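All of these numbers come straight from a predicted model, not from anything done at the bench. Order of the sequence lines fixes the chain letters, A, B, ..., with proteins taken first and strands second; residue numbering starts at 1 for each chain.
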Amino acid sequence: MSSAPHYSVKQILKANDIPFPAVVKGWVRTFRQNQFIALNDGTTVQPLQIVVDSSAIDGQTLKNITPGAAIEAHGTIVESPGKGQRVEMQAQHITVHGPADPNNYPLQPKKHSLEFLRSIAHLRFKTNTFGAVFRLRHGLAIAIHEFFHSKDFYYLHSPIITASDCEGAGEMFRVTTLDPKNPPLKEDGSVDWSKDFFGREAHLTVSGQLEAELAAMGLTRVYTFGPTFRAEKSHTTRHLAEFWMVEPEVAFARLNEIMDLAEELLKHLIQYSLQHYPDELAFLQKRLEDEEKQLPKEKRSPMPLIEKLQFVLSEPFQRITYTEAFNILKASKPNKKKKFKYLLTDWGADFQTEHERYLVEKHFKKPVIIYNYPAEIKAFYMYLNDDGKTVRGMDVLFPGIGEIIGGSERETRIEVLQKRMAQIGIAPEEMQWYLDIRRWGGCPHAGFGLGFDRLVQFVTGMQNIRDAIPFPRYPGYVAY
RNA sequence: GCCCUCUUAGCUCAGCUGGUUAGAGCGACGGACUGUUAAUCCGUAGGUCCCAGGUUCGAGUCCUGGAGGGGGCGCCA
């Protein structure tokens, strides 16, 4: 057997100095005519063609070369006389590491529905679609770190288990080691959490924001990038119970600066995807087009995937205040003609999905940043404007997926913060640390949360967020 | 939590207003094939029509309940 180096399919397809000896390892996609193996190792969309001399290979090995089998091929990379590829391997020797019985191997060389693949999520990494999605997901993560690193942001590992249960971002999952059948009780019959592992109640974090604020008060610019958890029974294509969030927090920054940062980050990430993953995006674009062929025209994506990404880069995001947005919506046709399910009449009402979609997809036809929201519909930590009615919060809305970023300038005036906490019933002693950073060396600061899986969803064109994360968790479903 | 919708072969789906032995493509299996590109050609096998009741002379088709999938709304990232 040859002792040639092991190359990835990606390396071989890019190689210029041919011919050369090589070893490749991967999984068989198809085996045509007892002669042509299409091999994929997850490094590219394109498979490598391996040409087999069937007379030189024993019958059992030949029989085991079926879709899904893991093989190792030793041979020479040569220019391909065939039409579909530039180079191919002429194999001298093939080892089947793991056969895949074609009688019961679920993946066939044909289209499968995403729902079916989701039901065999442990195998979907082997497909071109999920290979492309997860390579892009990786690339976006790298790009996020590079982006922040280049701007002197420090990557903060915010805790996953949190003692803080008043972030207000949603229902939390409890973390406990107590016996659910027989928990220690207090005299009044309630559970005695002081006997639990941490000596008090603990939960999975819904956001690293509050911890990021603490770190920004010493490191100036930080960001978190980690899993967050919400026990909301959301049944939609854009919610997960476990999802990844990117949360930059910047000391001395005001709302405008954070809006600039959000727009720059999103554009950078899309630019990065277009530049580094053109093959994946072309593949995903075609996949989306094929899938949408069955749909009526009005339900299809308004433009192809790559064009959509370029379009987001082409213009500044539309920035409007809540009040401006409210006035546009109130005067809009669907509101006047009562086409909206929720009609807008009074200032202060929260926008519904249909309103956000109208602004983004019909009125402005580009990403929209809405800011200065009514205080009542936003979190307690947002900076109260001088009008006493609105807070310096902002949402970045994207076509198709809605809110991709939510952020704000934080309230720094301790007495205003205490008042708002009291209004919604947060005990000040629970949040002393949060008040302390206003007490000593407080300063204006702002930040936002980017839904990483929603970003992956947007860039890859996956309609369901469950197909943008390797192992989705949602109400009623957890596997692996 | 509310609403809509779907479940027929391994996969994707067809099956008209209830009416004989439930169909196709792909896949699988057997065979042919030395430049194919989800190869092609010939042949074969493969179904508890999601489950449980009910209506009916007769149910894949209608009704009720249940399970599972998908979608919409709310909540948000």
Side-chain angles (χ1 to χ4, degrees), chain A residues 29-38 46-56 63 66-68 80-85 88 90 100-120 127-128 167-171 206-209 224 227-247 262 290-291 294-295 299 340-342 350-357 377-379 395-398 401-407 448-458 463-469 474-477:
Chain A
R29 280 289 166 72
T30 61
F31 187 30
R32 291 182 294 275
Q33 219 174 31
N34 256 357
Q35 199 185 0
F36 302 102
I37 299 171
Q46 277 293 319
L48 174 68
Q49 173 153 288
I50 299 174
V51 185
V52 176
D53 179 359
S54 55
S55 62
K63 260 202 135 142
T66 59
S80 174
K83 279 178 188 156
Q85 56 284 316
E88 65 186 21
Q90 291 286 347
D101 182 355
N103 258 316
N104 49 40
Y105 181 59
L107 293 173
Q108 298 162 18
K110 60 166 280 189
K111 273 216 161 59
H112 293 287
S113 70
L114 295 174
E115 290 81 12
F116 172 68
L117 293 173
R118 210 176 295 146
S119 73
I120 49 164
T127 66
N128 258 345
E167 288 158 16
E171 289 296 309
V206 294
S207 159
Q209 179 202 313
T224 73
T228 49
F229 308 86
R230 307 241 170 122
E232 301 284 348
K233 296 209 167 173
S234 304
H235 197 235
T236 77
T237 54
R238 54 192 187 281
H239 287 85
L240 291 165
E242 177 180 299
F243 65 100
W244 287 66
M245 194 150 57
V246 180
E247 295 178 285
D290 288 348
E291 187 169 288
Q294 310 150 21
L295 296 174
K299 289 212 166 172
F340 283 146
K341 198 175 159 201
Y342 298 89
D350 205 355
F351 297 147
Q352 311 296 318
T353 299
E354 59 184 349
H355 305 132
E356 295 180 348
R357 291 187 79 117
I377 59 173
K378 287 290 174 186
D395 287 347
V396 182
L397 308 178
F398 262 31
I401 52 174
E403 186 178 346
I404 195 167
I405 279 180
F448 61 79
L450 164 67
F452 182 64
D453 314 275
R454 286 186 182 175
L455 174 74
V456 175
Q457 201 186 346
F458 183 77
Q463 294 99 323
N464 195 315
I465 200 166
R466 295 165 190 177
D467 298 323
I469 188 169
Y474 46 91
Y477 181 87

note: Lys378(A), atom NZ; C75(B), atom P; distance rounded to Å ~ 10 Å
Roughly how far apart, to the nearest Å, are G31(B) and G58(B) at atom P?
-> 49 Å
Contact class for Ser54(A) vs. all strands (heavy atom < 4.0 Å): base, sugar-phosphate, or nothing?
-> nothing
Could you check whether Asn464(A) gets within reach of a base, just the sugar-phosphate, or nothing at all, counting any heavy atom under 4.0 Å?
-> sugar-phosphate
Please determine, for U44(B), whether a Watson-Crick or G-U wobble partner exists with both distances under 3.5 Å, and give it or none.
-> A28(B)
When the P atoms of A45(B) and G30(B) are considered, how many whole Å apart are they?
-> 15 Å
Under 4.0 Å between any heavy atoms, over every strand shown, what does Phe36(A) touch: base, sugar-phosphate, or nothing? Just pick one.
-> base
Kindly compute the distance separating CG (Asp395(A)) from CZ (Phe448(A)), expressed to the nearest 0.5 Å.
-> 12.5 Å
Interatomic distance at C1', A22(B) relative to G60(B), whole Å = 8 Å
Between U8(B) and C51(B) - P atom distance, rounded Å | 10 Å
Calculate the interatomic distance between Phe448(A) atom CZ and C76(B) atom C1'; express it in whole Å.
-> 17 Å
Does C75(B) have OP1 or OP2 sitting under 4.0 Å from an N or O in the side chain of Ser234(A)?
-> no
Name the nucleic acid region contacted by Pro81(A), choosing base, sugar-phosphate or nothing; use a 4.0 angstrom heavy-atom cut-off, strictly under.
-> base
Indicate whether the side chain of Asn128(A) and that of Arg29(A) have a donor and an acceptor atom separated by less than 3.5 Å.
-> yes
Rounded distance in Å - CD1 (Ile405(A)) to P (C76(B)) | 17 Å
C1' spacing across the pair G10(B) / G46(B), given as an integer number of angstrom = 9 Å
Can you find an N or O donor on one side and an acceptor on the other, under 3.5 Å apart, linking the side chain of His112(A) with the base of C11(B)?
-> no
Between Gln463(A) and Gln457(A), a side-chain donor and acceptor under 3.5 Å | no
Considering every strand shown, what is the Watson-Crick or G-U wobble mate of G35(B) when both distances are under 3.5 Å?
-> none
Flag, side chain of Gln352(A) to backbone of Asp350(A), donor-acceptor distance under 3.5 Å = yes
Taken to the nearest whole Å, CD/Glu115(A) to C1'/U12(B) is 12 Å
Can you find a donor-acceptor N/O pair under 3.5 angstrom joining the side chain of His235(A) to the base of C73(B)?
-> no
Under 3.5 Å donor-acceptor pair, Gln33(A) side-chain atoms to U40(B) base atoms = no
Any-strand Watson-Crick or G-U partner of G1(B), both distances under 3.5 Å = C73(B)
Kindly say whether, by distance alone, the side chain of Glu88(A) makes a donor-acceptor pair under 3.5 Å with the base of G35(B)?
-> yes
N or O in side chain of Lys233(A) less than 4.0 angstrom from G1(B) OP1/OP2 = yes
U21(B) and U64(B): how far apart are their C1' atoms, nearest whole angstrom?
-> 31 Å
Measure distances between side-chain N and O atoms of Gln85(A) and base N and O atoms of U36(B), and say whether any donor-acceptor pair falls under 3.5 Å.
-> yes
Across every strand shown, the nucleotide meeting Watson-Crick or G-U wobble geometry with G68(B) (both distances under 3.5 Å) is C6(B)
Is Ser113(A) near enough to C11(B) that one of its side-chain N or O atoms lies under 4.0 angstrom from OP1 or OP2?
-> no
Heavy-atom closest pair, residues Thr66(A) and Pro102(A) = CG2-CG, 4.0 Å
Can you find a donor-acceptor N/O pair under 3.5 angstrom joining the side chain of Glu232(A) to the base of G74(B)?
-> no
Which part of the nucleic acid does Gly449(A) contact within heavy-atom distance under 4.0 Å: base, sugar-phosphate only, or nothing?
-> sugar-phosphate
What nucleic acid atoms does Arg466(A) come within less than 4.0 Å of, heavy atoms only: base, sugar-phosphate, or nothing?
-> sugar-phosphate
When you compare C11(B) with G69(B), how far apart are their P atoms, in angstrom units rounded to a whole number?
-> 16 Å
Calculate, to the nearest 0.5 Å, the distance between atoms CG and CG belonging to Leu117(A) and Leu107(A) respectively.
-> 6.5 Å
Whether Thr228(A) side chain and Phe243(A) backbone form a donor-acceptor pair below 3.5 Å = yes
Contact class for Leu107(A) (heavy atom, under 4.0 Å): base, sugar-phosphate, or nothing?
-> nothing
For the base of G71(B), is there a side-chain donor-acceptor partner from Thr236(A) under 3.5 Å away?
-> no
Flag, side chain of Ser80(A) to backbone of Gly82(A), donor-acceptor distance under 3.5 Å | yes
Reckon Gln463(A) touches a base, only the sugar-phosphate, or nothing at all at heavy-atom distances under 4.0 Å?
-> nothing
Rounded off to whole Å, could you give me the CZ-to-C1' distance for the Phe31(A) and G35(B) pair?
-> 13 Å
Touch class at under 4.0 angstrom, heavy-atom based, for Arg118(A) against every strand present = sugar-phosphate
For C57(B) versus C13(B), give the span between their C1' atoms, rounded off to a whole number of Å.
-> 32 Å
Across every strand shown, the nucleotide meeting Watson-Crick or G-U wobble geometry with G53(B) (both distances under 3.5 Å) is C63(B)
Write down the distance between NZ (Lys111(A)) and P (G10(B)), rounded to a whole number of angstrom.
-> 22 Å
Separation of C76(B) C1' from Phe229(A) CZ (nearest whole Å) = 16 Å
May I ask you to say what Glu354(A) touches in the nucleic acid, namely base, sugar-phosphate or nothing, with a heavy-atom cut-off under 4.0 Å?
-> nothing
Is any N or O donor-acceptor pair between the side chain of Arg32(A) and the base of A38(B) shorter than 3.5 Å?
-> no
With a 4.0 Å cut-off on heavy atoms, is Lys341(A) in touch with a base, just the backbone sugar-phosphate, or nothing at all?
-> sugar-phosphate
Separation of G74(B) P from Arg357(A) CZ (nearest whole Å) = 11 Å
Contact under 4.0 Å: Arg238(A) side-chain N or O vs C73(B) OP1/OP2 = yes
Are the aromatic ring centres of His239(A) and Tyr474(A) under 6.0 angstrom apart?
-> no
When Tyr477(A) and His239(A) are each assigned the nearest nucleotide of RNA chain B, the 5'-most assignment goes to Tyr477(A)
Who pairs with U20(B) - Watson-Crick or G-U, where each distance is under 3.5 Å = none
Ile465(A) side, atom CD1; Asp453(A) side, atom CG - distance, nearest 0.5 Å = 5.0 Å
Identify whether any heavy atom of Glu403(A) sits under 4.0 Å from a base atom; if not, whether one sits that close to sugar-phosphate; answer base, sugar-phosphate or nothing.
-> sugar-phosphate
Distance below 4.0 Å between Gln108(A) side-chain N/O and A38(B) OP1 or OP2 | no
Sugar-phosphate only, base, or nothing, as touched by Gln90(A) at under 4.0 Å among non-hydrogen atoms = base
With sugar-phosphate meaning primed atoms plus P, OP1 and OP2, does Tyr342(A) contact a base, only sugar-phosphate, or nothing at under 4.0 Å between heavy atoms?
-> sugar-phosphate
